Structure formats: C-alpha cells, structure tokens
Amino acid sequence: MHTVAVLALDQVIPFDLSTPIEVFSRTRLPSGRPGYRVRVCAAESPVDTGLFTLRAPWGLDALADADTIIVPGVADVFRPVPPAVLDALKAAAAGGTRVASICVGTFVLAAAGLLAGLRATTHWLAASGLAESYPDIDVDPDVLYVDNGQILTSAGAAAGLDLCLHMIRRDYGSAVAAHAARLSVMPLEREGGQAQFIVHDQPPTPQGSVMEPVLRWMEDNAGRELTLDDIAAYAGMSTRTLMRRFREQTGTTPLQWLHRARVRQAQHLLETTGHSVERIAQQVGFGSPTAFRERFKRIAGVSPQTYRRTFQ
C-alpha cells in the first residue's frame with residue numbers, strides 16, 4: 001500500500017493539513033481496498049496550529065518509510081524551518097520519495113533546496129516573496145499546481161485538492177481519481193488556473209508619484225479608445241519620456257497597464273451584471289469582442305464566460 005506522510009509543522013494551516021488527510025484516506029481502489037496509508041508526522045508534539053494543538057502519532061523518522069511526503073503551508077512563511085525537518089526532507093528526496101507542498105508549504109521545500117532550478121507555484125499572494133527569496137526557482141503564480149515528477153507544488157487553499165487528485169490519477173488512474181473527486185465534490189479537472197483569482201484589486205498605483213494623476217486618469221478613461229499619444233499628451237511629456245517613467249514607477253508599459261485596468265473593470269461587470277460579452281467589451285474600451293476575449297483569457301487564464309460562471 002502507498003504510504004503518504006503529511007508533515008505538521010508549528011503554525012501549520014489547518015485547511016492545508018486536512019486536505020491530503022481527507023482525500024488520500026478516503027481513496028478506494030476498484031476492489032474496495034484503501035489506496036493509501038496516511039500518517040501525520042511532526043518534528044515535535046504537540047503541534048501548535050494557532051487555533052488548537054494536535055498530537056502527531058509519528059515523528060520525522062516516518063518520512064524515511066513514506067512513498068509520498070506532503071508539506072502543508074504554515075502561517076509565517078519566513079519562520080526558520082527546524083534543521084532536522086530540512087535534513088529529513090533532503091534525505092527522503094535523495095532516496096527517491098515523492099515530495100509535494102500545498103499552498104505556502106512551497107517555502108519549506110525551497111528552504112530544503114528541493115526546488116532549485118525547478119518551476120514551482122504557491123499561493124498567488126506569496127508568489128513574489130518566493131521569487132525574491134529564492135531567485136533560482138522559476139515561480140509560476142498562474143497555475144493550480146506544478147508537477148516536476150518527483151517534486152510537486154500547488155497553489156493556495158483548494159488547489160491542494162487539485163494536486164492530491166492529480167497524484168491519485170498518477171498512482172491509480174483516472175477512474176480511481178474520479179471517484180475520489182466525487183467524494184470531495186470536486187471536478188477532476190478545473191478549467192483555468194490560479195490566474196482567474198488574482199486580478200481582483202485595482203492595478204497598482206504608486207501613491208504620491210509623479211505618475212499617479214496619469215494612472216488615475218487612465219483608469220477613469222479606460223472605456224475610451226486611448227493611444228500612447230493621448231496618454232503622453234495628458235501627462236504633458238513626450239511618448240519616450242512617458243515610457244521611461246512609466247516603466248520605472250509601475251514596472252510595465254502604459255498599454256499593458258491599461259489592458260489590466262480594462263480587464264479588472266470587465267471582471268467587475270461580469271460578476272455584477274448580465275451584460276453580454278460584446279457589450280462589456282465595448283464598455284471597457286476594447287476595439288472588438290475578439291480582442292477582448294483574447295486579452296481577458298491571457299490575463300485571467302479563462303474566457304469571460306467561464307469567469308462569469310465561476311464568480312457571478
């Protein structure tokens with residue numbers, strides 16, 4: 001039987017901890033036999049979750065016997081990981097054990113050096129911190145999970161379910177995974193990635209910067225057909241100067257910033273109105289519904305209609 005060790009560290013996020021325990025422990029093979037043996041492990045017991053304490057039946061030595069190790073996220077991603085935990089993870093990975101993280105558990109795998117040179121994901125709110133702390137990791141904040149073969153990472157919260165179901169399908173095939181998905185009231189494959197959940201805040205505006213009035217004006221006039229010359233004229237500078245200052249203060253170009261502002265407005269309209277996609281495309285300043293659909297999917301990761309079904 002395949003043994004899954006779920007590692008509970010201090011400040012472990014209860015949702016992240018419970019997801020693999022529930023999904024793997026309830027997985028059944030066509031014969032009715034359990035597909036997995038699940039063990040909750042800890043460096044020390046009891047484990048403080050912040051909301052309650054728990055006693056793990058197994059210690060770190062159980063990681064050596066596991067076929068898969070799952071590392072849930074912790075509340076403080078920059079809290080130092082105990083050396084004994086890092087050593088145990090390194091030793092297990094060196095021995096060929098599959099290691100996966102849920103949400104910001106990616107930071108633990110990164111601290112153990114298991115993600116160096118690999119593509120990985122984490123909760124989109126923590127993605128920039130992961131990239132800054134570990135520049136040797138190719139951080140992809142848009143996807144639900146990344147499978148590198150032996151090392152896997154997932155995005156935030158519910159994406160841990162997607163990752164667990166993916167591993168079950170790898171281990172036992174689609175039929176067993178589909179049954180596990182039904183028990184979890186989850187689709188076996190969700191459309192789109194994490195990107196559809198990211199673009200909810202207004203595009204960043206540097207407070208007090210010389211570009212702030214220009215950005216506010218662009219946002220207020222996003223429904224108009226704006227050109228680079230229009231923006232430069234309002235800013236009272238040449239297009240060349242505008243491009244330079246815009247990139248310095250926002251990290252992007254005026255038109256890219258404008259596209260994101262338009263998509264944000266489109267998201268709001270898709271969530272709160274019954275307007276057609278064609279009407280929304282016109283309202284937010286796209287020249288055609290086709291251009292709107294292409295840009296929306298590029299930024300949000302799903303089509304406008306799929307986004308509406310998910311969030312309206």
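Please read these numbers as outputs of a predicted model, since none were measured by experiment. Starting from 1, each residue takes its place in the sequence as its number.
- Qualifying ring pair (Phe, Tyr, Trp, His ring centres under 6.0 Å) partners for Y234, counting only residues two or more places apart in sequence or in other chains: W217.
- Remark: R28 pairs with no residue by the salt bridge (charged side-chain N to carboxylate O under 4.0 Å, His left out) rule, at least two apart or across chains.
- A56 and C41 get closest at one heavy-atom pair: CB-C, 3.9 Å.
- Of the N and O atoms on the side chains of T106 and S101, at least one donor lies less than 3.5 Å from an acceptor on the other residue.
- Between V302 and F296 the shortest heavy-atom distance is O-CD2, 3.3 Å.
- Note on I168: it clusters hydrophobically with V4, by side-chain heavy-atom contacts below 4.5 Å among ILVMFWY residues.
- A distance of 7.5 Å separates CG in L270 from CD in Q305, rounded to the nearest 0.5 Å.
- Taking each heavy atom of D16 and G73 in turn, the nearest pair found is OD2-N, 3.2 Å.
- The same ILVMFWY cluster, assembled from side-chain heavy atoms under 4.5 Å apart, contains both L118 and L130.
- Looking at L152 and V99, their side chains never come closer than 4.5 Å, going by heavy atoms from C-beta outward.
- Panel note: side chain S133, backbone G129; a donor-acceptor pair is recorded below 3.5 Å.
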### Query
For L9 and V47, what are the C-alpha separation, side-chain angles and deciding distance, and is it a side chain to side chain contact (heavy atoms under 4.5 Å, CB included)?
CA-CA 7 Å; L9 300 174; V47 176; 5.9 Å; no
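- When all heavy atoms of T153 and A120 are compared, the closest pair comes out as OG1-CA, 3.5 Å.
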### Query
Given I13 and V104, is the side chain to side chain contact (heavy atoms under 4.5 Å, CB included) satisfied, shown in steps?
CA-CA 9 Å; I13 298 171; V104 292; 4.1 Å; yes
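- For S128, the side chain to side chain donor-acceptor pair (under 3.5 Å) test picks out no residue, with sequence neighbours left out.
- E132 contributes atom CD, which lies 12.5 Å from atom CD1 of I137 (distance to the nearest 0.5 angstrom).
- Within the 4.5 Å cutoff, no side-chain heavy atoms of L163 are placed close to those of L144.
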### Message
For F24 and I70: C-alpha separation, side-chain torsions, deciding distance, then whether side chain to side chain contact (heavy atoms under 4.5 Å, CB included) applies.
### Response
CA-CA 11 Å; F24 288 112; I70 308 288; 4.3 Å; yes
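- The shortest distance between side-chain heavy atoms of I21 and V40 falls below 4.5 Å.
- Applying the side chain to side chain donor-acceptor pair (under 3.5 Å) definition to pairs two or more places apart or across chains, those involving residues 37-55 are T3-R37.
- Annotation: the span from D67 atom CG to D171 atom CG amounts to 8.5 Å, rounded to 0.5 Å.
- Here CG of L242 is found 10.0 Å from CG of D229. Values are rounded to the nearest 0.5 Å.
- Clustering ILVMFWY residues whenever any of their side-chain heavy atoms sit less than 4.5 angstrom apart, transitively, puts L86 in the very cluster that holds L114.
- Checking side-chain atoms of D230 against main-chain N and O of T227 turns up a donor-acceptor pair under 3.5 Å.
- Judged as a salt bridge (charged side-chain N to carboxylate O under 4.0 Å, His left out), and not counting sequence neighbours, the contacts of D147 are R170.
- The hydrophobic cluster containing I69 does not contain M167, counting ILVMFWY residues as joined when their side-chain heavy atoms lie under 4.5 angstrom apart, directly or transitively.
- Considering OG1 of T121 and OH of Y145, their distance stands at 12.0 Å, rounded to 0.5 Å.
- Distance alone, capped at 3.5 Å, is enough to place a donor-acceptor pair between the S18 side chain and the P14 backbone.
- What you find for L63 and A88 is that their closest heavy atoms are CD1-CB, 3.8 Å.
- A salt bridge links E22 and R26; the closest N-O separation between the charged side-chain nitrogens and carboxylate oxygens is under 4.0 Å.
- In this structure the side chain of M237 never reaches within 4.5 angstrom of the side chain of V214, judged on heavy atoms.
- L228 places a side-chain heavy atom less than 4.5 Å from the side chain of M243.
- Pairs of residues two or more places apart, or lying in two chains, that qualify as ring pair (Phe, Tyr, Trp, His ring centres under 6.0 Å) and include a residue from residues 86-120 are F78-F107.
- Note on residues 70-79: no pairs pass side chain to side chain donor-acceptor pair (under 3.5 Å), not counting sequence neighbours.
- One hydrophobic cluster, built from ILVMFWY side chains closer than 4.5 Å, holds both I151 and V81.
- Applying the side chain to side chain donor-acceptor pair (under 3.5 Å) rule to pairs touching residues 282-292 yields H275-Q283, sequence neighbours excluded.
- Taking OH of Y307 as the start and CD1 of I299 as the end, the distance is 12.0 Å to the nearest 0.5 Å.
- With sequence neighbours left out, the salt bridge (charged side-chain N to carboxylate O under 4.0 Å, His left out) criterion links R293 to E278.
- The backbone N or O of G285 lies less than 3.5 Å from no partner atom in the side chain of E225, so there is not a single donor-acceptor pair.
- Remark: the backbone N or O of A222 is not paired with any side-chain donor or acceptor of Q265 at under 3.5 angstrom.
- Taking T68 as the reference, H2, R98 meet the side chain to side chain donor-acceptor pair (under 3.5 Å) condition, with sequence neighbours excluded.
- Annotation: ring pair (Phe, Tyr, Trp, His ring centres under 6.0 Å) contacts of F52 (sequence neighbours excluded): none.
- With sequence neighbours left out, Y172 forms a ring pair (Phe, Tyr, Trp, His ring centres under 6.0 Å) with Y36.
- Contact of the T122 side chain with the V77 side chain is not registered, since no non-hydrogen atoms from C-beta on lie closer than 4.5 Å.
- Shown are D140, N148, D138; of these, the side-chain hydrogen bond (donor to acceptor under 3.5 Å, both in side chains) with R119 is made only by D140.
- Contact between A159 and S154 at its shortest, heavy atoms only, is O-CB, 3.8 Å.
- Residues V74 and D10 form no side-chain contact, since every pair of their non-hydrogen atoms from C-beta on lies 4.5 Å or further apart.
- R295 has its side chain out of reach of R262: every pair of non-hydrogen atoms, C-beta onward, lies at least 4.5 Å apart.
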